[in-house]
Amino acid sequence: ARQCLEEYFTEYQFSRRTQTDQILFFDSAVQHISRIARILRQPRGHAVIVGVAGTGKRTLARFASFIAECELAEIEVTDHYTINNFKEDLMSFYTRCGVGGKRLSFILSDTQLVNDEFLEVINNVLNTGEIPNLFSQEEMDKICNEMVPYAKQIGENESRENLIKLFFERVRENLHVVLTMSPVGSSFRHRIRMFPSLVSCCTIDWVDTWPEEALRLVSKSRFM
């Protein structure tokens with residue numbers, strides 16, 4: 001398994017134009033990468049990766065997404081990033097998944113969830129895939145027109161209602177949410193209670209503190 005992952009990692013580094021993450025394939029890392037990739041290969045597979053800061057949750061998620069043949073979908077949260085900006089980014093992801101048929105891994109950390117409004121939206125994504133008033137009437141009409149070739153291809157009728165249904169079904173099949181969260185403090189418990197889809201619609205992967213084997217490998221690695 002380790003040799004296989006090292007071959008994937010060579011391809012991963014080559015495929016990314018910017019500087020890539022560095023990963024050491026000790027046993028625990030191999031298990032987590034394999035687990036996350038397996039979740040992402042499943043239709044409607046979503047993950048919550050729980051671990052303290054510094055355990056490399058996002059790094060593992062990005063690499064596992066590459067193995068699962070998912071394009072990365074990430075957001076950049078600034079001081080001026082609002083719920084409307086978040087919905088605009090989601091509109092782009094939905095269009096890529098629903099109209100374009102792309103498989104996306106939407107990686108989101110708990111520090112980017114600046115308030116519970118963001119999680120309310122994610123809860124809808126996980127639950128039904130439909131976000132109220134995400135698209136305007138005009139935008140939905142455009143999406144329906146772009147969905148016609150897909151409907152013809154799979155032999156479905158081309159009524160507006162059915163095209164919308166097909167669009168959201170395709171989004172649910174192709175958009176995979178990966179949340180990276182810290183268990184430290186009370187916010188994790190609060191969010192789990194408030195938004196049950198984080199448990200019922202996701203597979204939770206607990207990343208423990210790395211074992212001594214990992215620390216020895218890091219101390220001997222060329223990255224130091």
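Keep in mind that this is a model prediction, so the values were computed, not measured. Starting from 1, each residue takes its place in the sequence as its number.
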Taking it one step at a time, do T10 and E7 satisfy side chain to side chain donor-acceptor pair (under 3.5 Å)?
-> CA-CA 5 Å; T10 302; E7 289 171 5; over 6 Å; no

Testing the basics here: between [X] and [Y], what is the closest heavy-atom pair and its distance to 0.1 Å?
X    : Y    : value
C201 : L126 : SG-O, 3.6 Å
A61  : V178 : CB-CG1, 3.9 Å
S182 : V52  : OG-CA, 4.3 Å
V30  : S34  : O-OG, 2.8 Å
A37  : A68  : O-CB, 3.8 Å
R41  : I67  : NH2-O, 2.7 Å

Side chain proximity check, [X] to [Y], heavy atoms < 4.5 angstrom:
X    : Y    : value
D205 : I36  : yes
K102 : N174 : no
V99  : Y94  : no
V121 : F118 : no
F86  : V77  : no
R96  : E71  : yes
T95  : F93  : no
R189 : R193 : yes

Would [X] and [Y] show up in the same hydrophobic cluster when neighbours are defined by side-chain heavy atoms closer than 4.5 Å?
X    : Y    : value
L60  : F63  : yes
I49  : I75  : no
M147 : L175 : yes
I107 : V125 : no
L72  : I39  : no

Would you call the rings of [X] and [Y] parallel, tilted or perpendicular, where under 30° means parallel and over 60° means perpendicular?
X    : Y    : value
W206 : F188 : perpendicular
Y8   : F66  : perpendicular
F135 : F167 : perpendicular

Flag the pair D141 and R160 as a salt bridge only when some basic side-chain nitrogen lies within less than 4.0 angstrom of an acidic carboxylate oxygen.
->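 A salt bridge links D141 with R160.
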
Salt bridge present between E173 and R103 (N-O < 4.0 angstrom) =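 No, this pair does not count.
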
Measure the [atom1]-[atom2] distance between [X] and [Y] for me, rounded to the nearest 0.5 Å.
X    : Y    : atom1 : atom2 : value
S197 : I122 : OG    : CD1   : 10.5 Å
I143 : F168 : CD1   : CZ    : 7.0 Å
E158 : Y150 : CD    : OH    : 13.5 Å
H46  : R44  : NE2   : CZ    : 8.0 Å
I33  : R62  : CD1   : CZ    : 13.0 Å
E161 : K165 : CD    : NZ    : 9.0 Å

For a quick check under 3.5 Å, do [X] and [Y] share a side-chain donor-acceptor pair by atom type?
X    : Y    : answer
E139 : S136 : yes
T82  : N84  : no
N85  : H80  : no
D89  : Y81  : yes

Salt bridge (charged side-chain N to carboxylate O under 4.0 Å, His left out) between R58 and E74, worked out = CA-CA 11 Å; R58 287 179 75 85; E74 297 182 273; 2.5 Å; yes

Start with the C-alpha gap between M91 and L134, add the side-chain angles, then the distance that decides, and say whether side-chain contact (heavy atoms from CB on, under 4.5 Å) holds.
-> CA-CA 7 Å; M91 283 168 63; L134 181 64; 3.6 Å; yes

Derivation and outcome, side-chain contact (heavy atoms from CB on, under 4.5 Å), residues V177 and C202 = CA-CA 9 Å; V177 177; C202 298; 6.0 Å; no

Quick one: which of I154, V171, N157 gives a side chain to side chain contact (heavy atoms under 4.5 Å, CB included) with L166?
->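 Answer after filtering I154, V171, N157: I154.
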
Which is it for E156 and N162 under the side chain to side chain donor-acceptor pair (under 3.5 Å) test, yes or no, and what are the steps along the way?
-> CA-CA 8 Å; E156 286 276 353; N162 197 53; 3.2 Å; yes

Check against side-chain contact (heavy atoms from CB on, under 4.5 Å), H32 and K57 = CA-CA 9 Å; H32 287 296; K57 300 184 293 293; over 6 Å; no

Step-by-step side-chain contact (heavy atoms from CB on, under 4.5 Å) determination, C70 to H176 | CA-CA 9 Å; C70 292; H176 302 276; 4.0 Å; yes

